[in-house]
Amino acid sequence: MNLSNFSFEIPKSLIAFYPSWVRSQCRLMIINGYTGQITHKFFFDIINEINSSDLVIFNNTEVIPARLSGFKESGGKVEVLLEKVLNNNNILAYLKSSNPVKINSNLFFGKYNEIKGSIISYRKPFYEIKFNNSEISSIHIFNKIGHIPLPPYIKRKNIKLDQHLYQTIYKKNLGSIAAPTAGLHFDLPLLRALFKKKVNIDFVTLHIGSGTFQPIRTIEIEKHVMHSEWVSVSSDLINKIKICKKNGGRVIAVGTTTLRALESAYNSTSWNNSENYSNNTNIFIYPGYKHKVVDALITNFHFPESTLIMLVSSFLGYRNTINAYFEAIKKKYRFFSYGDAMYITYNKLAPYEKIKSKKF
């Protein structure tokens, strides 16, 4: 399958630079995976799509202020985008500077350049950096002077409010460099409505890495390799899912990261043994994949040619997905991280859909 199958234009006027002022008042497109039928609602209407017998699962990761601005020894500017915390003082990160940085050179951060980091090695495409103050952890440094790493297509400066806007209200486990954006639509009144309806709610953790912003660079999408991300799915949740399905309920994933976490756990020995699943995953889900866990998915409108739209296509069906995106453009939905949302049910015929290797 070619990358060109997922290539189309999103008008720049539809890119959301800020979220809805009230989280649950964004627009919601509901798509029936079996028929392809589209209904236009608001996000707070999703309460009517969820039954008390269902199990709704969120990703409770918390976004790190993962972007640091500093200087090289030469005085040149450098920007660090955290990828992974290795230990108390060492990290893996992307570096952006006008000239290449050198191994064993130093970087300086903070208002008075009081924080020093040394470049230890290069692990393509990341650099390992060691912060030289053993009394202050790398996480503490990012929390103190870092900035929320808004997606690169949001062409504006960070504002203080982004530290709140770009986090879910149920965040718990610090570790992501990007928000699980489907969850941004849930506010306290909507969560209370779910509890009042006695809907079962639970959580996974998937710490989103910088790979979420990286384009696919292969013509054939099957050759793309995902960066690994850390996932945790509890044995209690695995048992809840099994009981939910046995009783005729549905598993509803809030976001593609939640779906990927659940599929990663299912494909491990932890699932059959009902054991805690904690591991790194680089699962890449694209058309042809047979979903085993999730029955309905809440997600945003994603970039063309992204791994995220490919996952949606594998779940909803390619033609249903393309039709939904063209309808969203026609109806002027807001796109990407701060944009509007979709609620889609699984199309069991999607894995068998024939897709021609050309633009739809």
Side-chain angles (χ1 to χ4, degrees), residues 30-34 46 49-61 168 170 173 180-183 186 194 199-208 212 226 228-300 302 307-317 320-321 341-353:
I30 299 173
I31 307 137
N32 183 301
Y34 181 70
I46 203 165
E49 303 299 319
I50 301 172
N51 303 319
S52 59
S53 59
D54 295 334
L55 174 58
V56 180
I57 305 174
F58 299 86
N59 180 7
N60 65 6
T61 188
T168 63
Y170 48 81
N173 297 321
T181 53
F186 285 85
L194 289 174
V199 174
N200 296 303
I201 290 175
D202 214 315
F203 301 89
V204 299
T205 302
L206 185 146
H207 291 322
I208 303 165
T212 192
M226 298 279 284
S228 66
E229 297 165 312
W230 188 81
V231 174
S232 177
V233 180
S234 71
S235 59
D236 285 345
L237 176 54
I238 292 173
N239 284 325
K240 284 182 182 179
I241 292 170
K242 292 176 180 178
I243 292 170
C244 174
K245 287 184 171 290
K246 183 178 179 180
N247 293 337
R250 299 174 304 165
V251 173
I252 300 174
V254 180
T256 56
T257 57
T258 299
L259 185 149
R260 290 179 64 239
L262 294 172
E263 288 294 323
S264 298
Y266 184 93
N267 293 328
S268 73
T269 57
S270 298
W271 193 270
N272 287 335
N273 297 331
S274 294
E275 298 172 342
N276 291 333
Y277 175 76
S278 295
N279 209 333
N280 288 309
T281 183
N282 65 346
I283 188 171
F284 177 26
I285 298 176
Y286 54 87
Y289 186 90
K290 295 180 182 179
H291 292 260
K292 295 97 173 177
V293 183
V294 176
D295 302 294
L297 174 66
I298 299 166
T299 189
N300 283 25
H302 304 293
T307 60
L308 304 178
I309 193 174
M310 293 170 191
L311 184 152
V312 172
S313 297
S314 75
F315 192 85
L316 181 60
N320 285 347
T321 300
M342 311 168 74
Y343 173 81
I344 60 180
T345 55
Y346 184 40
N347 177 4
K348 293 182 179 179
L349 298 179
Y352 311 102
E353 187 176 11

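- For the pair P180 and T61, the minimum side-chain heavy-atom distance is below 4.5 Å.
- In K348, the NZ atom is not crowded: 12 or fewer heavy atoms of neighbouring residues, nucleotides or ligands sit closer than 6.0 Å.
- The distance from the CZ atom of F186 to the CD1 atom of I201 is 8.0 Å, given to the nearest 0.5 Å.
- The environment of K292 atom NZ is dense: over 12 non-hydrogen atoms of other residues, nucleotides or ligands sit within 6.0 angstrom.
- For the side-chain hydrogen bond (donor to acceptor under 3.5 Å, both in side chains) with N59, the lone residue among T168, T257, T258, N173 that qualifies is T257.
- Under a 3.5 Å cut-off, the side chain of K242 and the backbone N or O of W271 do form a donor-acceptor pair.
- Put simply, the side chain of D202 never gets that close to the backbone of I57: no donor and acceptor are under 3.5 Å apart.
- Contact between V294 and E263 at its shortest, heavy atoms only, is N-OE2, 4.3 Å.
- Residues H302 and I309 come closest through the heavy atom pair CB-N, 4.1 Å.
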**Message:** Show, in sequence, the C-alpha distance, side-chain angles and deciding distance for E229 and I208, and conclude whether the side-chain contact (heavy atoms from CB on, under 4.5 Å) test is met.
**Reply:** CA-CA 6 Å; E229 297 165 312; I208 303 165; 3.8 Å; yes

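- Residues P287 and M310 are in side-chain contact: their nearest non-hydrogen atoms beyond the backbone lie under 4.5 Å apart.
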**Request:** Kindly determine whether V204 and V231 satisfy side-chain contact (heavy atoms from CB on, under 4.5 Å), including the steps that lead there.
**Result:** CA-CA 8 Å; V204 299; V231 174; 5.8 Å; no

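- Not one N or O on the side chain of N282 forms a donor-acceptor pair closer than 3.5 Å with the backbone of S228.
- Side chains of L316 and L297 form no contact here, defined as non-hydrogen atoms less than 4.5 Å apart.
- When side chains are defined from C-beta on, T256 does not count as touching I285, because their heavy atoms never get closer than 4.5 Å.
- Taking Y34 as the reference, nothing meets the ring-ring contact (aromatic ring centres under 6.0 Å, His included) condition, with sequence neighbours excluded.
- Scanning both residues, A350 and S313, for their nearest heavy atoms gives CB-O, 4.4 Å.
- For the pair N32 and N320, the tightest heavy-atom approach, listed with the atom from each and the gap, is O-ND2, 4.4 Å.
- Atom CG of residue D54 and atom OG of residue S52 lie 7.5 Å apart, to the nearest 0.5 angstrom.
- Scanning both residues, Y346 and F315, for their nearest heavy atoms gives CD1-O, 3.1 Å.
- Between W230 and H207, the two ring planes are parallel [angle under 30°; tilted spans 30° to 60°].
- Atom CG in L206 sits 9.5 Å away from atom CG in N280 (nearest 0.5 Å).
- Note that the OG1 atom of T321 and the CD atom of E353 stand 8.0 Å from one another [nearest 0.5 Å].
- The line from CG of L259 to CD1 of I252 is 12.5 Å long, rounded to the nearest 0.5 Å.
- We find the CD1-CG distance between I238 and N276 to be 7.5 Å, quoted to the nearest 0.5 Å.
- Nearest heavy-atom pair across H291 and L311 is NE2-O, 4.4 Å.
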**Item:** Residue pair N200, K240: steps toward the side-chain contact (heavy atoms from CB on, under 4.5 Å) verdict
**Value:** CA-CA 9 Å; N200 296 303; K240 284 182 182 179; over 6 Å; no

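- In this structure, F284 and Y286 have tilted ring planes: the angle between them lies in the 30° to 60° band.
- Judged by distance alone, with hydrogens and angles left aside, the side-chain atoms of E275 form no donor-acceptor pair with the main-chain N or O of T269 at under 3.5 Å.
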**Asked** After noting the C-alpha distance and the side-chain angles of I298 and Y343, does the key distance pass the side-chain contact (heavy atoms from CB on, under 4.5 Å) rule?
**Response** CA-CA 5 Å; I298 299 166; Y343 173 81; 3.7 Å; yes

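- T299 places no side-chain N or O within donor-acceptor distance of the main-chain N or O of M342, the cut-off being under 3.5 Å.
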